[in-house]
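Reviewing the structure listed below.
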Amino acid sequence: MCGIVAFIGSRDAEPLLLEGLRRLEYRGYDSAGMAVLNGKGVEVRKRAGRISELENVLGTQPLHGSVGIAHTRWATHGVPTTRNAHPHTDCSGDIALAHNGIIENNDVLRTKLQELGHQFRTETDTEVLAHLIEEAFEGNLEKAVAAALTQVDGTYGLAVMSSRDPEKIVVARNGAPLLLGVAENGTGELFAASDVAAVLGHTRKVIYLDDGELAVLTRDGYQTLELAAWETGNPPEPIEKEISHVAWNLDRIERGGYSHFMLKEIFEQPQTIRDAMRGRLLESEGTARFGGLMQLSGSLDTVERIIITACGTSWHAALVGEYMLEECARIPVEVEYASEFRYRNPIIPDNTLVIAISQSGETADTLAAMREAKRRGAVAMGIVNVVGSTIARETDGGVYTHSGPEIGVASTKAFTSQLTVLAMITLMLARRRRMSIDDGRKLVAALQELPGQVESVLEQQAVIDEVAREYWQHTNFLYLGRGSNFPVALEGALKLKEISYIHAEGYPAAEMKHGPIALIDENMPVVCIAPADSVYKKVVSNIEEIKTRGGRVIAITSEGSGLESKVDHLISVPSTHEMLQPILTVIPLQILAYKIAVLRECDVDQPRNLAKSVTVE
Ligand code: AGP
């Protein structure tokens, strides 16, 4: 997934585009580039590496012009080099474009264009777009872009400009996010970007483009058009688009004195869990209510089966949700890897609810899985963080997690907010079925205690530091948990893998005896999640099995569990309702992974080879 930002207005574009790129860097950071119309033609600067590399180039070779596009890349086709960096140009160099997505039929198009005499400079799939537009260009850029895109299979968020039809930027979207930023200060300045972070410093007025839409940005304003309408051959009628007002403010996307966004986001969790609950808990009725689910009310009463689909950390949240919903609401739940579900021939009987969980709301596999389930008659609900994102707009109803912008690539606060929302959805469904008002009120009370309990977990820095200092050079870790803490073990292992590049595996504790126990020796740190819940005694015997083989045990357990003597390191968390315990037990694992990554001098916020949300397959 890449980040695109574009600007047309009266000010010099370069500094505005550079600032926009910095705010989008978490989307992809293996190379970056910029192009402006300087009155004489198109000028391009690009460089492999972080945006700071591009900044250095611009320091000695600045760009001047008030119309420009820029891009930060997460390579899919063509290795991350300066040559393969965006923007890409056509043979003449008059057309420049930046693209987020994958052109699946790029090979066929490339061959066709080469037969027509086009010279290719890069190994990217994107470059075919520049030559297709060049081939179709007859003086009007948006017409040429539309003609080019009718030949394309694949996904794109796109920004294009040309010195042959200057004073204009054309953007288009199909399967990758793109929005317009409309200046609030009457200057008529316009932005286009992959997400609000890039425009928030200039405006809160945004227009979310939908798949199959194109927009033309000029100094006189913008027009949004349906791509398909062009196939009639006549210039299409402009379409009305709603202007949304972004609630987030700039400081939410700043590091606020923390050394990393991930650390800031870990410490934001007491507040983000509070925000996830705000206005949704009904104390006296012992239940929860969601404005975004009102239109689904009928379906929620008749739902007989739930499928939860997601990727990565969101998939781990789905697994915890399965335990919650089956245990308390007594509804059968299946958890599906979105990337598998979308290509499987799933059976979707009547009264099936599909829940798509996604922080970004743009993850391609989750979006496709949700669309597939809808196509087969399921009611689709979203649990999403990014307001206005595609999954949020395409589901039948949903719940925003209100975690605020999550910049660190390794998801933390979004995970605990997803679990909080899943717990409240479980409460609402359970109270509509068989949970008593007393039990409902107890769960509401336990939910309201969570922010304070998370604060006390965050105070455990010293003991977690000690553990990190002892094990940061190890090359393998094992994470074990039972029940709803098995997904927490998976999440702890994922956090460590993502940011410290240490090989780590999460397992159901009892599964250890069926293989992984062979890995146990004095060099294998084993993190055991053992809160004092209904399976505590079982986990304790697993811990004893590990100690018998000389393993090193780091236990996450409830205060006063009495496990000290059986383990090498003990990190305690407050006890809460069993269904909510994963919200507390995961936090020491986030901090441990963070501290180990810092000790290993890894780039915590932008780990290698990763991107914040994967909008390509
Ligand atoms: C988690 O730390 C990762 N960034 C990744 O696994 C992520 O959870 C996954 O890509 C899903 O993203 P989403 O929640 O935005 O859909």
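Just so you know, these numbers use all the heavy atoms, side chains as well, and skip hydrogens, waters and symmetry mates.
Asp605 pairs by the side chain to side chain donor-acceptor pair (under 3.5 Å) definition with nothing, not counting sequence neighbours. In this view, Arg432 and Asp301 satisfy the salt bridge (Lys or Arg N to Asp or Glu O under 4.0 Å) rule, not counting sequence neighbours. Arg289 meets the salt bridge (Lys or Arg N to Asp or Glu O under 4.0 Å) test with no other residue; sequence neighbours excluded. Residues that satisfy the side chain to side chain donor-acceptor pair (under 3.5 Å) test with Thr420, not counting sequence neighbours, are absent from this structure. Under the salt bridge (Lys or Arg N to Asp or Glu O under 4.0 Å) criterion, Glu340 pairs with no residue at all, not counting sequence neighbours.
Phe290 has its side chain within reach of Met424: a pair of non-hydrogen atoms, C-beta onward, lies under 4.5 Å apart. You'll find the side chain of Val333 stays beyond 4.5 Å of the side chain of Ile355, heavy atoms only. With a 4.5 Å cut-off on side-chain heavy atoms, His474 and Ile502 do not count as touching. You'll find the side chain of Arg431 reaches within 4.5 Å of the side chain of Ile437, heavy atoms only. Side-chain contact check for Ile308 versus Ile383: every heavy-atom pair is 4.5 Å or farther apart. For the pair Ile546/Leu480, a side-chain contact is recorded, criterion being any heavy-atom separation below 4.5 Å from C-beta on. The closest side-chain heavy-atom distance from Ile587 to Val573 is not below 4.5 Å. The shortest distance between side-chain heavy atoms of Gln418 and Ser314 falls below 4.5 Å.
Here the straight-line distance linking atom CD1 of Ile306 with atom CD1 of Ile425 works out to 8.5 Å at 0.5 Å rounding. For the atom pair CZ (Arg608) and OH (Tyr29), the distance works out to 11.0 Å, reported to the nearest 0.5 Å. Separation of atoms CZ (Phe341) and SG (Cys311) is listed at 12.5 Å; rounding is to 0.5 Å. Residue Thr416 holds its OG1 atom at 4.0 Å from CD1 of Ile273, rounded to the nearest 0.5 Å.
Looking only at distances, a side-chain donor or acceptor of Thr272 sits under 3.5 Å from a matching main-chain atom of Glu268. Looking at Asp30, its side chain never comes within 3.5 Å of a backbone N or O of Pro80 through a donor-acceptor pair. In this structure, the side chain of Lys612 does not engage the main chain of Gln606 through any donor-acceptor pair within 3.5 Å. In this structure a side-chain-to-backbone donor-acceptor pair under 3.5 Å is present from Ser436 to Asp439. For the pair Trp74 (side chain) and Asn609 (backbone), a donor-acceptor distance under 3.5 Å is present. Remark: side-chain polar atoms of Tyr479 are not paired, donor with acceptor, to backbone N or O of Leu589 under 3.5 angstrom. Judged purely by atom type and a 3.5 angstrom limit, Asn385 uses its side chain to pair as donor or acceptor with the backbone of Gly404. Under the 3.5 Å distance criterion, the side-chain polar atoms of Tyr323 are matched with a main-chain donor or acceptor of Gly483. Formation of a donor-acceptor pair under 3.5 Å by the Glu304 side chain with backbone atoms of Asp350 is not found in this model. Without hydrogens or angle criteria, Arg441 side chain to Ser284 main chain gives a donor-acceptor distance under 3.5 Å.
Other residues, nucleotides and ligands contribute more than 12 heavy atoms inside 6.0 Å of the CZ atom of Arg278. Other residues, nucleotides and ligands contribute only 12 or fewer heavy atoms inside 6.0 Å of the CD atom of Glu601. More than 12 heavy atoms of other residues, nucleotides or ligands sit less than 6.0 Å from atom CD of Gln460. Taking a 6.0 Å sphere around CZ of Arg330, one finds it holds 12 or fewer heavy atoms contributed by other residues, nucleotides or ligands.
Figure legend: cation-pi geometry between Arg600 and Tyr501 absent, as NZ or CZ is not positioned both under 6.0 Å from the six-membered ring centre and within 45° of its axis.
When all heavy atoms of Gly397 and Leu293 are compared, the closest pair comes out as C-CD2, 4.2 Å. The two atoms that bring Ser194 and Cys2 nearest to each other are OG-O, 4.0 Å, heavy atoms only. For the residue pair Glu406 and Ser411, the shortest heavy atom distance occurs at OE1-OG, 2.8 Å. Among all heavy-atom pairs drawn from Ala380 and Asp396, the shortest one is N-OD2, 2.6 Å. Heavy-atom minimum distance, Lys495 versus Ala410: CE-CB, 3.7 Å. Asp603 and Arg50 make their closest contact through OD2-NH1, 2.6 Å (heavy atoms, listed as atom of the first residue, atom of the second, distance).
Between Ser417 and Ser403, the side chains place a donor N or O and an acceptor N or O closer than 3.5 Å (distance only, hydrogens not considered). Side-chain contact check for Gln461 and Lys595: at least one donor-acceptor pair (N or O, by modelled atom type) lies under 3.5 Å. Under 3.5 Å, the side chains of Ser360 and Ser613 contain a donor-acceptor pair of N or O atoms. Defined by atom type and a distance below 3.5 Å, a donor-acceptor pair is missing between the side-chain atoms of Thr395 and Lys374.
Contact check on Glu545 versus Arg549 returns no salt bridge, with no Lys/Arg side-chain nitrogen under 4.0 Å from an Asp/Glu carboxylate oxygen.
Screening residues 380-395 for salt bridge (charged side-chain N to carboxylate O under 4.0 Å, His left out), with sequence neighbours left out, gives Asp210-Arg393, Arg371-Glu394. Pairs passing the side-chain hydrogen bond (donor to acceptor under 3.5 Å, both in side chains) check and including a residue from residues 577-594, sequence neighbours excluded, read Ser259-Tyr594, His260-Tyr594, Gln269-Gln590, Asn485-Thr585, Ser534-Glu578. Residues in residues 353-366 take part in these salt bridge (charged side-chain N to carboxylate O under 4.0 Å, His left out) pairs, two or more places apart or across chains: Arg342-Asp365. Counting only residues at least two apart or in different chains, salt bridge (charged side-chain N to carboxylate O under 4.0 Å, His left out) contacts with residues 533-543 are absent.
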CA sep, side-chain torsions, deciding dist, call: Asp465, Arg469, salt bridge (charged side-chain N to carboxylate O under 4.0 Å, His left out): CA-CA 6 Å; Asp465 221 40; Arg469 289 185 186 289; 3.4 Å; yes
Trace of the side-chain contact (heavy atoms from CB on, under 4.5 Å) decision for Asp195 with Arg23: CA-CA 9 Å; Asp195 79 35; Arg23 299 211 187 285; over 6 Å; no
Indicate every side-chain donor-acceptor pair of residues 563-571 with a distance under 3.5 Å to a residue at least two apart or in another chain.
residue, atom, partner, partner atom, Å
Lys566, NZ, Glu544, OE2, 3.1
Asp568, OD1, Lys547, NZ, 3.1
Asp568, OD1, Arg552, NH1, 3.0
Asp568, OD2, Lys547, NZ, 2.8
Asp568, OD2, Val553, N, 2.6
His569, NE2, Tyr471, OH, 2.8

Using residues 505-520 as the side-chain source, report each donor-acceptor pair under 3.5 Å to any protein atom, sequence neighbours left out, with the distance given to one decimal.
none

Review item, side-chain donor-acceptor pairs of residues 445-457, under 3.5 Å, at least two apart:
residue, atom, partner, partner atom, Å
Gln448, NE2, Glu283, OE2, 3.2
Glu449, OE1, Gln453, NE2, 3.4
Gln453, NE2, Ser575, O, 3.2
Ser456, OG, Gln453, O, 2.6

